[in-house]
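The structure appears right after this line, and notes come after that.
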Amino acid sequence: METSLSIPVPPTVADTLLCLVGNVGSDCFETSAAWQMPERAHVVVKTARIQRKINAPIMILNRLNSGPKNISMVALLCSWEEAYQKELETFKDIGDVGEIWFGEESMSRVLRWMDKAKIPEDAGILDIGTGNGAFLVELAKHGYRNLTAIDYSPASVELARNILQAQGLTDVTVKETDFLSCRGELTGFDVCIDKGTFDAISLNPDNNKECKKLYVHTLKDALKDNGIFVITSCNWTKEQLLERFCEGFQFVEELPTPSFQFGGKTGNSVAALIFKRVH
C-alpha cells in the first residue's frame with residue numbers, strides 16, 4: 001500500500017515558525033474546504049523569510065495531506081491562483097519574485113548535476129509546474145536556451161512571464177497548461193524537471209491513483225528515448241519514487257539533500273532523484 005511521507009519539521013524550526021505565524025493548523029482550511037494560508041501567516045512568513053526556502057513547501061503540502069478529503073480540484077486551483085495573484089502583485093510593486101520552492105540550493109544541486117552529466121546547452125528542457133519561473137531564470141543564466149515551462153495557474157504563467165521579461169529573457173516559452181490534460185501535446189524533450197508538482201498532484205482528492213498513473217504516462221510521452229527526468233519531492237521517499245517510476249524509467253542517481261535528526265531517527269527533508277526514460 002502506497003502512503004505519502006509526512007516528515008515532521010525539526011522542532012527548532014517548527015517552533016520558530018509556529019511562534020511567528022500563530023496557529024497554522026485547522027484554520028488553514030476555510031469552512032468551504034478551499035485551502036488557503038491565513039492572511040496573517042502569509043504576511044508574517046513573507047516578511048520574516050524564516051526557513052522558507054525548504055520548510056515552507058513542506059508545511060504547505062503536509063497541511064494539504066492532512067486536510068479534509070473533500071477538497072475539490074476547482075478549490076485547489078482557486079487557492080493556487082489566489083496565492084500566485086498575490087505574488088504577481090508583490091512583484092509588480094516591489095520586484096520580489098516570491099517563494100522559491102525547496103530553496104535556491106534545490107536549483108543549484110540540479111544545475112551541478114546537469115554540468116556533471118554534460119547536458120548540452122541546446123537540450124530541450126521542460127519545467128513542469130513552473131510557479132514563478134525562478135528555475136527558468138537560473139537555467140537561462142546557466143546557458144540553456146531551449147526552455148519551455150507549463151503551469152495550470154494563469155496567475156503563475158503571468159508571474160513567470162513578468163519575471164522573465166524583467167530579466168531580459170524573452171525567448172523562453174511559458175504555457176498555461178495542465179500537465180494531466182495534455183497527453184500527446186508535449187513531446188520531444190531531452191530533460192523534464194519537476195520541483196513539487198508531482199507532490200501536489202499526488203494529493204489530488206479526485207481519482208488520486210489515476211492522476212499519478214496519468215502523470216507517469218504523460219511524462220513518458222514528453223520525454224525522448226533516454227531523456228532525463230529530475231524530480232524533487234517532499235512528500236515521497238526515495239523508495240516510493242523508485243516504485244512509482246519503475247515502468248519506463250531507469251534510476252540513475254540520488255542527489256544529496258539536507259538531512260536532520262528527529263526522535264532518534266535521521267531523515268531527509270526532500271528527495272531528489274534522476275531517472276532516464278527507457279523502453
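- Here the side chains of L111 and L139 are in contact, with some heavy-atom distance below 4.5 Å.
- At a threshold of 4.5 Å between non-hydrogen side-chain atoms, the residues I228 and C192 do not count as touching.
- A donor-acceptor pair is defined here as one N or O able to donate and one able to accept, closer than 3.5 Å; such a pair exists between the side chain of T257 and the backbone of V270.
- Checked by atom type and distance alone, the side chain of N132 never pairs as donor or acceptor with a backbone atom of A160 at under 3.5 Å.
- By the 4.5 Å heavy-atom criterion applied to side chains, V137 and I163 are counted as neighbours.
- Proximity of the aromatic rings of Y215 and F198 is defined here by a centroid distance below 6.0 angstrom, and this criterion is met.
- Side-chain atoms of N162 never come within 3.5 Å of backbone atoms of L164 as a donor-acceptor pair (strictly under, hydrogens ignored).
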Stepwise, does the side-chain contact (heavy atoms from CB on, under 4.5 Å) test hold for I119 with V191?
CA-CA 9 Å; I119 302 297; V191 181; 4.0 Å; yes
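- With contacts defined as side-chain heavy-atom distances shorter than 4.5 Å, the pair H142/E121 does not qualify.
- Under the 3.5 Å distance criterion, the side-chain polar atoms of T173 are left unmatched by any main-chain donor or acceptor of T148.
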Please list, one pair per line, the donor and acceptor atoms closer than 3.5 Å that link side chains of residues 271-279 to other protein atoms, with sequence neighbours excluded.
{"unit_1": "R277", "atom_1": "NE", "unit_2": "K220", "atom_2": "O", "d": "3.2"}
{"unit_1": "H279", "atom_1": "NE2", "unit_2": "D225", "atom_2": "OD1", "d": "3.4"}
{"unit_1": "H279", "atom_1": "NE2", "unit_2": "D225", "atom_2": "OD2", "d": "3.0"}

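- Note that CD of E185 is 10.0 Å distant from CG of D178, once rounded to the nearest 0.5 Å.
- Within the 4.5 Å cutoff, side-chain heavy atoms of D194 are placed close to those of T197.
- Look at E247 and K213 and you find no salt bridge, because none of the NZ, NE, NH1 or NH2 atoms lies under 4.0 Å from a carboxylate O.
- With sequence neighbours excluded, the residues forming a ring-ring contact (aromatic ring centres under 6.0 Å, His included) with F249 are F245, listed by chain and number.
- The only member of T177, T130, I150, V174 that meets side-chain contact (heavy atoms from CB on, under 4.5 Å) when paired with V157 is V174.
- With rounding to the nearest 0.5 Å, the separation of CG in D199 from CD1 in I201 is 9.5 Å.
- In this structure, the separation between CG on L219 and NE2 on H217 is 11.0 Å, given to the nearest 0.5 Å.
- Side-chain contact between D151 and K175 is absent, with no heavy-atom pair separated by less than 4.5 Å.
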Could you walk me through whether F189 and T187 pass the side-chain contact (heavy atoms from CB on, under 4.5 Å) test, one step at a time?
CA-CA 6 Å; F189 289 97; T187 59; over 6 Å; no
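- No side-chain heavy atom of L180 sits less than 4.5 Å from a side-chain heavy atom of Y152.
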Could you walk me through whether L241 and I231 satisfy the side-chain contact (heavy atoms from CB on, under 4.5 Å) test, starting with their C-alpha distance in whole Å, then the side-chain angles of each, then the deciding distance to 0.1 Å, before giving a yes or no?
CA-CA 9 Å; L241 292 173; I231 181 168; 4.0 Å; yes
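- Under 4.0 Å is where a charged nitrogen must lie from a carboxylate oxygen, and between E104 and R109 no such pair does.
- Side-chain atoms of E253 and W113, non-hydrogen and from C-beta on, do get closer than 4.5 Å to each other.
- Atom CD in E243 sits 7.5 Å away from atom CD in Q240 (nearest 0.5 Å).
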Could you go through K195 and V110, starting from their C-alpha distance and side-chain angles, then the distance that decides it, and tell me whether this counts as side-chain contact (heavy atoms from CB on, under 4.5 Å)?
CA-CA 10 Å; K195 215 155 54 70; V110 173; 5.8 Å; no
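- In terms of modelled atom types and a separation under 3.5 Å, the side chain of D190 and the main chain of G227 share no donor-acceptor contact.
- We find the OH-CG distance between Y144 and L136 to be 13.5 Å, quoted to the nearest 0.5 Å.
- In this structure, CG on L214 lies 8.5 Å from SG on C182, to the nearest 0.5 angstrom.
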